[in-house]
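Worth knowing before you read on, the calculation uses all heavy atoms, side chains too, and leaves out hydrogens, waters and symmetry mates. The residues of the chain are indexed from 1 along the displayed sequence. Since the model is a prediction, treat every value here as computed from it, not as a measurement.
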Amino acid sequence: MGAVRAWAPGATGTQLLSTVARDAIDLFTGPYAHRIRECGSHDCYLLFVDTSRPGRRRWCAMERCGNRSKARAHRARQSAGAGGSDRAALAE
């Protein structure tokens, strides 16, 4: 990807923002620009570069957003399954 830049002790806010802006330009115009994605979690708005081989990554981080989403889906399936079995027992 881009060049690695070392931390500059004593850098001003303007210098830091300049570095961020320069890196953003490199990212948005570089070879991975078509791989920039927004996190698929409903409460996360982070952007990330999808470097996965098939290009189907959904979350900024599996450890945070992916895990939360999968846990939420699991709980929804479990509660739907529990509700369905109660209804079936009442119908009998």
Side-chain angles (χ1 to χ4, degrees):
M1 296 205 4
V4 176
R5 294 179 177 91
W7 173 252
T12 66
T14 302
Q15 290 169 327
L16 294 173
L17 286 175
S18 172
T19 300
V20 170
R22 188 173 35 251
D23 286 349
I25 291 168
D26 289 345
L27 176 62
F28 288 115
T29 61
Y32 291 103
H34 67 285
R35 292 282 189 123
I36 298 171
R37 311 267 192 270
E38 185 176 348
C39 183
S41 182
H42 74 285
D43 59 348
C44 180
Y45 302 100
L46 292 178
L47 298 176
F48 64 92
V49 178
D50 181 2
T51 56
S52 67
R53 203 169 198 167
R56 295 186 193 144
R57 189 170 140 194
R58 295 173 54 192
W59 301 289
C60 62
M62 185 61 197
E63 299 81 16
R64 182 174 164 248
C65 292
N67 187 42
R68 287 180 185 172
S69 180
K70 288 184 175 207
R72 195 173 13 257
H74 175 73
R75 285 191 302 270
R77 283 192 307 273
Q78 293 301 312
S79 65
S85 63
D86 290 344
R87 286 187 212 125
L90 291 175
E92 291 177 4

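- No side-chain donor-acceptor contact under 3.5 Å links S18 to the backbone of T14.
- Listed by chain and residue number, C39, D43, C44, W59, C65, R72 satisfy the side chain to side chain contact (heavy atoms under 4.5 Å, CB included) test with S41 (two or more places apart in sequence, or in another chain).
- Annotation: side chain to side chain contact (heavy atoms under 4.5 Å, CB included) contacts of H74 (sequence neighbours excluded): R77, Q78.
- Taken to the nearest 0.5 Å, the OH atom of Y32 stands 7.0 Å off from the OG1 atom of T51.
- With sequence neighbours left out, the side chain to side chain contact (heavy atoms under 4.5 Å, CB included) criterion links P54 to S52, R56.
- Q15 is linked by a side chain to side chain contact (heavy atoms under 4.5 Å, CB included) to A11, T12, counting only residues two or more places apart in sequence or in another chain.
- When hydrophobic side chains of Ile, Leu, Val, Met, Phe, Trp and Tyr are connected at separations under 4.5 Å, L17 ends up as a singleton with no cluster partners.
- The nearest pair of heavy atoms linking R37 to H34 is NH1-O, 3.0 Å.
- No continuous path of hydrophobic side-chain contacts links V20 to L27 [ILVMFWY only; heavy atoms under 4.5 Å].
- Listed by chain and number, the residues in a salt bridge (Lys or Arg N to Asp or Glu O under 4.0 Å) with R57 amount to none (sequence neighbours excluded).
- Between the CG atom of N67 and the NZ atom of K70 there is a distance of 9.0 Å, given to the nearest 0.5 Å.
- Within a 6.0 Å sphere centred on CZ of R35, other residues, nucleotides and ligands contribute more than 12 heavy atoms.
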